[in-house]
Amino acid sequence: MDPVTAVLARTWPVTLHTPRLVLRPVAPGDAPVMGELLTDPQVRAFLGGPASAERVEARRREYPAKPGAWAVAPVAGGAAIGLVTLAADYRREGRAEVSYQLLPAAWGSGLGREAVAAALAWWARTVPDGTPVIAVTQQANHRSRRLLAALGLQLADTFVEFGEPQCLYTT
């Protein structure tokens with residue numbers, strides 16, 4: 001088993017709290033928000049476009065059982081507004097990858113940065129040996145690149161994947 005997958009399996013489920021957010025394991029009741037994240041043209045602009053109905057249904061079934069998949073919800077309660085995942089990086093064994101998506105209504109107020117920072121801090125506490133975390137975003141996704149830089153991740157590589165120039169950031 002990949003070391004990242006082993007850590008997640010051993011430590012999951014985990015709920016994280018920030019001043020404005022709760023990151024909790026995705027639950028079946030989050031299916032509508034997960035569907036919206038996967039089909040919203042703005043959210044998916046740098047992720048290959050809206051997902052197919054089949055992919056949406058597969059993800060709705062997968063996420064509640066997936067260690068490392070957090071629904072991001074306001075601390076005051078209410079429906080989730082996004083998703084943060086930590087998973088094994090399929091590009092290189094032994095490295096974790098953080099991914100994130102928020103509904104457009106949640107953009108621009110630092111909630112994405114707050115949510116990703118919480119996930120990265122949890123990983124650093126849980127895996128103190130320094131297992132690296134990466135994040136990949138399209139080169140054209142300037143908002144995501146600013147978020148990653150603001151969190152202290154460093155641009156480590158550029159490459160083409162899925163037909164688009166990508167930037168790989170690392171802790």
Side-chain angles (χ1 to χ4, degrees), residues 1-107 109-127 131-137 141 144 147-148 151 162 171:
M1 179 182 288
D2 178 86
V4 172
T5 304
V7 167
L8 290 169
R10 184 176 67 247
T11 59
W12 201 255
V14 174
T15 299
L16 306 174
H17 298 272
T18 74
R20 300 182 291 167
L21 300 169
V22 175
L23 283 71
R24 55 173 173 68
V26 175
D30 295 317
V33 172
M34 297 303 118
E36 191 174 348
L37 288 167
L38 290 165
T39 58
D40 184 283
Q42 287 181 279
V43 173
R44 303 290 301 171
F46 299 104
L47 296 169
S52 68
E54 295 80 20
R55 183 171 171 88
V56 170
E57 190 53 40
R59 293 293 179 143
R60 283 180 176 170
R61 285 191 308 271
E62 173 189 321
Y63 281 138
K66 183 179 176 76
W70 285 284
V72 179
V75 75
I81 58 168
L83 174 72
V84 173
T85 63
L86 267 172
D89 174 17
Y90 66 87
R91 296 169 197 86
R92 184 183 308 165
E93 187 172 336
R95 190 167 71 177
E97 181 173 5
V98 65
S99 299
Y100 45 91
Q101 300 173 53
L102 272 89
L103 295 173
W107 294 0
S109 61
L111 294 173
R113 183 172 49 237
E114 192 172 320
V116 176
L120 293 174
W122 173 80
W123 185 257
R125 287 189 309 273
T126 303
V127 187
T131 300
V133 178
I134 63 132
V136 176
T137 190
N141 190 346
S144 185
L147 181 150
L148 296 169
L151 291 173
F162 310 116
T171 53

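Below, all heavy atoms of this structure are taken into account, side chains as well, without hydrogens, waters or symmetry copies.
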(message) Just so I know, are the side chains of Asp40 and Leu103 near enough to count as touching, which here means a heavy-atom distance under 4.5 Å?
(response) no

(request) Establish, from distance only, whether the side-chain atoms of Ser144 and Tyr100 form a donor-acceptor pair under 3.5 Å. (result) yes

(message) Rounded to the nearest 0.5 Å, what separates atom OG1 in Thr171 from atom CG in Leu148?
(response) 11.0 Å

(request) Please round to the nearest 0.5 Å and tell me the distance separating atom OG of Ser99 and atom CG of Asp89. (result) 9.5 Å

(request) Please list, chain by chain and in numerical order, all residues satisfying salt bridge (charged side-chain N to carboxylate O under 4.0 Å, His left out) with Arg61, sequence neighbours excluded. (result) Glu57

(message) Give me the atom names and distance for the closest heavy-atom approach of Ala87 to Lys66.
(response) CB-NZ, 4.5 Å

(request) Any pair with a residue in residues 27-36 that passes salt bridge (charged side-chain N to carboxylate O under 4.0 Å, His left out), sequence neighbours left out, goes on the list, sorted by first then second residue, please. (result) Arg24-Asp30

(message) Is there a side-chain contact (heavy atoms from CB on, under 4.5 Å) between Val33 and Ile81? Walk through the geometry before answering.
(response) CA-CA 7 Å; Val33 172; Ile81 58 168; over 6 Å; no

(request) Would you indicate whether the side-chain heavy atoms of Val98 and Leu86 approach each other to under 4.5 Å? (result) yes

(request) Compare every heavy atom of Trp123 with every heavy atom of Val4, then report the nearest pair and how far apart it is. (result) CG1-CH2, 3.8 Å

(request) Measure the shortest side-chain to side-chain distance between Leu21 and Trp70 over non-hydrogen atoms and say whether it is less than 4.5 angstrom. (result) no

(message) With heavy-atom distances below 4.5 Å as the criterion, would you say the side chains of Ile134 and Arg91 are in contact?
(response) yes

(request) List in chain and number order the residues that pass salt bridge (charged side-chain N to carboxylate O under 4.0 Å, His left out) with Arg20, two or more places apart in sequence or in another chain; answer none if no residue qualifies. (result) Glu114

(request) Heavy atoms only: give me the nearest Leu37-Arg44 pair and the separation to one decimal. (result) O-CD, 3.3 Å

(message) Could you tell me if the side chain of Val133 sits less than 4.5 Å from the side chain of Arg95, heavy atoms only?
(response) no

(message) Taking the side chain as everything from C-beta on, heavy atoms only, tell me whether Arg59 gets closer than 4.5 Å to Leu38.
(response) yes

(request) Please confirm whether the backbone N or O of Val127 pairs with a side-chain atom of Thr131, one donor and one acceptor, at under 3.5 Å? (result) no

(request) Give, for atom OG1 of Thr18 and atom CG of Leu23, the distance between the pair rounded to the nearest 0.5 Å. (result) 7.0 Å

(message) Side chains of Phe162 and Leu47, heavy atoms from C-beta outward: is any pair under 4.5 Å?
(response) no

(request) Determine the minimum heavy-atom distance between Gly35 and Val56, stating which atoms define it. (result) CA-CG1, 3.8 Å

(request) Return yes if some donor-acceptor pair links the side-chain N/O of Arg60 with the main-chain N/O of Ala31 below 3.5 Å, else return no. (result) yes

(message) For the OG1 atom of Thr5 and the CD atom of Glu93, what is their distance to the nearest 0.5 Å?
(response) 8.5 Å

(message) On a heavy-atom basis, which atom in Val26 and which in Ala71 lie closest, and how many Å separate them?
(response) CG2-N, 3.6 Å

(message) Quick one, Trp12 and Pro25 - any side-chain contact, counting heavy atoms below 4.5 Å?
(response) yes

(request) Supply the atom-to-atom distance Thr15 OG1 to His17 NE2, rounded to the nearest 0.5 angstrom. (result) 5.5 Å

(message) Using every non-hydrogen atom in the two residues, find where Pro28 and Pro64 come nearest and quote the distance to one decimal.
(response) N-CG, 3.9 Å

